Amino acid sequence: MTLIHEPATSREDRVSPAARPMLPLLPMDGHTFGKRSAVTCHLKCGDACFHPVPNTSSNEYFRDIASAGLSRRALLGGGVAAAAAIVIGSSVGGDAPSASAATLGTKIGRTLPFAPIAPVAASVDAFTVPVGYKWSPIIRWGDPLFSKNDRFDPNAQTAALQERQFGYNNDYLDIIEGPLGLTAVLVANQEYTNENIMFPPAADAAALDEQRRIGQAAHGMAVVQLYRTRRSGPWKYLVGAPLNRRITAHTPFTFSGPAAGHALLQTQDDPTGRTALGTLGNCAGGTTPWGTVLSGEENFNQYFVSPGTTPAEKRYGVGGSGDSRGWRNVDPRFDAVANPGYRNEPNRFGWIVEVDPLAPNDPPVKHTALGRFKHEGANVIVGRTGHVAAYMGDDERFDYLYKFVSKDKFKKGIGGGARKHNKTLLTAGSLYVAKFTGDSPVAEITGTGALPSDGAFDGTGTWVPLVIDGVSQVAGFTAEEVLINTRLAADAVGATKMDRCEDVEPNPKTGRIYVACTNNTSRGTGANETATEVNPRNVNRDGHIIEITETGNDATATTFGWSILLLCGDPVKNPNTYFAGFPPERVSPISCPDNVAFDSEGNLWISTDGAPSTIAYGDGLFKVPLEGPERGRVQQFLSVPAEAETCGPVIRDQQNMVYVAVQHPGENGTWAAQRSMFPDYVAPGSVANGAWGGPRPAVVQVWKG
C-alpha cells in the first residue's frame with residue numbers, strides 16, 4: 001500500500017479541506033494485530049512499522065558475540081542489597097473468554113488487596129476495576145486550568161482556549177504529594193492528537209489552520225494542583241492554582257549539556273542553538289529524587305518535512321513524508337525543504353526534558369548529555385556512590401537500551417541549596433549503551449520462545465561507553481556528534497538490537513532494573529535479525545520484561561547480569577509464554593508491556609498497549625510480585641475502555657490508590673460516529689456542565705471504596 005501524505009505544494013494548489021477527510025489513507029490498515037489501531041500507528045508513531053527498519057547497521061548478532069568472560073553467578077552472587085530509596089464512576093465487567101481467568105484466586109497483597117479481574121473484551125467501552133474499588137477522572141482533555149470561563153466545547157474550540165486547558169492523550173503521569181497527603185501536584189505528558197475525533201471537520205482553509213494550531217496547543221505537558229479532604233481519598237483539581245501550567249509546541253526550552261550551542265542545533269530563529277521552542281511526542285518519563293519530572297520526546301520525526309538525505313536523517317526517520325498534520329502551513333519550522341534555515345529543527349527534538357513543577361516561571365530544560373533518540377522516558381536512581389543513573393529505552397524496532405551516569409553526586413536534603421545542585425546533575429556525565437551476552441548454546445535459541453536447557457533466558461552484559469565526562473569514546477565522532485546522533489554512535493560500537501525498549505525503571509526497593517520490551521513483529525522476518533537470548537521470539541507480538549542486576553548493585557557499574565522475567569501472552573493460546581516459573585494457568589493473560597511502576601512492597605506493575613488478536617482483550621494494568629512463591633504471578637487490576645491504551649501507572653498501595661492515564665479512547669471513530677463515550681458517558685454529542693458525549697483522554701484515579 002502506498003503511503004499517502006499531503007505534498008509540499010502551495011496553499012492554492014491544495015484540495016479544499018471540506019472536500020477531503022481529516023485523515024489520509026492509513027498505511028498500517030490491514031497490517032496491525034488485534035486492538036492495535038492503524039489510526040494510532042499513524043498519529044502516534046508516524047507509521048513506524050510500515051517503514052523499513054531504520055537500524056541497518058551491521059552490528060554483530062547477539063548470538064555471535066563472544067562471551068565477556070564474566071560469570072553470571074559472580075555478578076549475581078551474594079544477593080542484592082537494598083538500593084537507595086527515591087526521595088520525594090462504577091465498574092462494568094466484560095467477557096472472560098479465557099479459561100486462565102477462572103483460576104486467578106482471591107485477594108492478594110498486604111496493601112491494596114484485590115481479586116484480579118477477568119480479562120475484558122477489547123470492544124467493551126468501560127473502565128473496569130476490581131470488586132470493592134471505585135473510579136473517577138481527576139482531569140480530562142479540555143478541562144480549564146486557569147479560569148472557569150475557559151469552558152470546554154469541542155464545537156467551539158480554539159488554540160487560545162486549548163493553551164489554557166488540559167491537553168490531549170496524556171501518557172506519563174505522576175502525583176507528587178505534599179507532606180500531609182492532602183495537597184499534590186499532578187504532572188502529565190500530552191503525547192499526540194487525533195483531530196478526526198476532537199472536533200468537526202474544517203469548513204474551510206482558515207478553520208483547518210486553526211485546528212492545526214489547536215493540535216500544537218494540545219501537545220506537550222501539564223502541571224495541575226490537586227487537593228482532597230482525606231488521605232486515601234479521591235482528588236479534585238484546583239482551577240486557577242498558582243502552580244497550574246501548560247507546556248506546548250511553542251514553549252521556550254533551554255538546552256543544557258555538552259551539545260548546547262552546537263551547529264547542528266542552530267536554526268535561523270536560534271543562531272545560538274541554545275533555545276528550542278516546544279516539545280513533541282512526549283511519551284513516558286520519570287520523577288527525579290529531587291522532585292522534578294523528566295519527559296521523553298519520542299516519535300518527533302513524524303512532524304517534520306526534511307530532505308532526508310544524510311545518514312543521520314535516515315537513521316532517525318526524518319524525511320519528505322513527515323508532517324501528516326500539515327503544521328508547516330501554520331509554522332514554517334516544520335518544513336526544512338521549503339525553509340532551509342530550519343534544516344536542524346528536527347535535531348532540537350528527541351531529548352529528555354526536565355520540568356520543575358514547583359517553579360512555574362523556570363523554563364524547562366532539554367538535556368543533551370542524555371543523548372538524542374526516540375526516548376520513551378528516563379528514570380533516575382541514586383547509586384551507592386552518590387552518583388545518579390538514568391535508564392532510557394529507544395522505542396524503535398531493533399534499537400537500544402541506554403544508561404546515563406552523572407559526573408557529580410547527589411546532595412541529600414530538600415533545602416534550596418541541595419535541590420538547586422541536584423537540578424544540575426543531568427547536565428554532565430557519561431552515556432552508555434547496553435550489549436547483552438547470553439549463556440545458552442546458540443542452537444537452543446529457536447525463536448519460538450521455548451526455554452533453553454538451563455531453564456532460563458539469562459546472561460551477562462556490558463555498558464559500552466559512548467561519552468565519558470564529556471569526551472567521546474566513539475571513533476570518528478565528537479562528543480557533541482555522539483549526543484546529537486546517538487543512534488549512529490551506538491551502531492558504531494555494536495550495541496545489542498532490542499525489541500522496542502519502552503519504559504525502563506529501577507525498583508526503589510531492590511535496585512534491580514526492569515525493561516519493558518513491548519513487541520517486535522519484524523524480528524526474524526526478511527533480512528532482519530533473528531531471535532537472540534535476550535529477544536528470544538521471532539515475530540514477537542506479545543513482548544517481554546527483562547530484569548537487570550547491576551554488578552555490586554551499583555548504579556555506576558559497567559557490567560550487569562540479566563534474565564527474562566516474563567515472556568508475555570495468553571498461555572491458553574500460546575504455549576511459549578513464561579512467567580518467572582509461576583504456573584501459567586494461574587496468571588492473567590498479558591501482552592505488549594509498555595510502562596512499569598512499583599508499589600511500596602517492591603511489586604512490579606505493568607500497563608499495556610496494543611494487545612494483539614492472540615489476546616483479543618482490552619489493555620490494562622497488571623500486578624506482578626517479584627519475590628517469594630508468588631514471583632511472576634501476573635494479576636490484572638483494571639481494564640481501560642474501547643480502543644484505549646493504559647499509560648503512566650502510579651501505585652500508592654499504602655493509601656489503596658492507583659492512578660493511570662487513559663490514552664486514545666475511541667481512536668477509530670470519526671466526529672460523526674464516535675466509538676467511545678469515556679469518561680463522561682453522556683448522550684452522544686451532548687455538551688453540558690463540562691461533560692461531553694464523546695471520547696476524552698483523561699487521568700483516572702481508582703480507590704478502595
Side-chain angles (χ1 to χ4, degrees), residues 62 65-86 286 288-289 352 369-371 378-394 400-410 425-426 428-439 456-471 473-474 482 486 489-490 493-496 498 501 503-515 533-534 545-565 596 598 602 626:
F62 174 92
I65 296 174
S67 169
L70 297 170
S71 163
R72 178 173 180 271
R73 277 81 187 164
L75 285 174
L76 302 181
V80 180
I86 290 181
T288 67
I352 289 296
L370 276 66
N379 284 276
V380 172
I381 193 168
V382 180
R384 294 171 60 183
T385 63
H387 299 88
V388 303
Y391 295 89
M392 303 169 287
D394 188 342
Y400 308 129
L401 175 68
Y402 296 87
K403 178 174 77 169
F404 169 84
V405 177
S406 66
K407 180 179 180 180
D408 296 327
K409 295 183 179 181
F410 176 79
L425 290 177
L426 303 183
S430 303
L431 183 65
Y432 303 85
V433 67
K435 181 179 285 191
F436 292 80
T437 302
D439 63 5
F457 294 111
D458 57 3
T460 58
T462 302
W463 292 109
V464 181
L466 299 176
V467 172
I468 298 293
D469 289 337
V471 178
Q473 307 297 302
V474 185
V482 169
T486 309
V493 301
T496 299
M498 304 296 289
C501 297
D503 208 5
V504 185
E505 296 208 19
N507 185 332
K509 189 175 179 67
T510 67
R512 296 187 185 117
I513 315 304
Y514 293 82
V515 183
E533 192 160 358
V534 76
I545 299 282
I546 301 168
E547 183 179 64
I548 290 175
T549 304
E550 298 274 28
T551 302
N553 196 35
D554 181 0
T556 68
T558 56
T559 56
F560 57 86
W562 67 270
S563 65
I564 289 183
L565 175 76
V596 297
F598 300 91
L626 297 174

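Predicted, not measured: the structure shown is a model, and the values here were computed from it.
Rounded to the nearest 0.5 angstrom, W562 CH2 and T437 OG1 are separated by 9.0 Å. The line from NZ of K409 to CG of L425 is 12.0 Å long, rounded to the nearest 0.5 Å. With values rounded to the nearest 0.5 angstrom, L626 atom CG is found 11.0 Å from K509 atom NZ. Between the OG1 atom in T486 and the CG atom in D394 there is a gap of 9.0 Å [rounded to 0.5 Å]. Rounding to the nearest 0.5 Å gives a distance of 4.0 Å between CG of D458 and CG of D439.
Shown are N507, I546, I548; of these, the side-chain contact (heavy atoms from CB on, under 4.5 Å) with I513 is made only by I548.
Every residue two or more places apart in sequence or in another chain that forms a side chain to side chain contact (heavy atoms under 4.5 Å, CB included) with A434 is listed here: L401, F436, W463, F560. Scored by the ring-ring contact (aromatic ring centres under 6.0 Å, His included) test, Y391 finds no partners at all (sequence neighbours excluded). Contacts of N379 classified as side chain to side chain contact (heavy atoms under 4.5 Å, CB included), with partners at least two apart in sequence or in another chain: D503, E505, P506.
Side-chain contact between T496 and K435 is present, with at least one heavy-atom pair separated by less than 4.5 Å. Counting only heavy atoms from C-beta outward, the side chains of T559 and T460 never approach each other to under 4.5 Å.
Nearest approach of V405 to H387, heavy atoms of both residues: CG1-CB, 4.2 Å. Here the shortest heavy-atom pairing between M392 and K403 reads CE-C, 4.4 Å. A pairwise comparison of heavy atoms in P289 and V382 identifies CG-CG2, 3.8 Å as the closest pair. Taking all atoms of both residues into account, the shortest heavy-atom contact from L370 to L431 is O-CD1, 3.8 Å. Closest approach of A490 and V433 over heavy atoms only: CB-CG2, 4.1 Å. Scanning both residues, Y432 and P465, for their nearest heavy atoms gives CD2-CA, 3.6 Å.
Put simply, the side chain of T462 never gets that close to the backbone of V464: no donor and acceptor are under 3.5 Å apart. Using modelled atom types, no side-chain atom of T551 and backbone atom of A557 make a donor-acceptor pair closer than 3.5 Å. For S430 (side chain) and D469 (main-chain N/O), a donor-acceptor pair under 3.5 Å exists by modelled atom type.
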Handout entry: Criterion side-chain contact (heavy atoms from CB on, under 4.5 Å) on I352 and F404, from CA distance to verdict
Key = CA-CA 11 Å; I352 289 296; F404 169 84; over 6 Å; no
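Residues E550 and R384 are not paired through a salt bridge, judged by the lack of any N-O separation under 4.0 Å between the basic side chain and the carboxylate.
Side-chain contact, T556 with D554: a donor N or O sits under 3.5 Å from an acceptor N or O.
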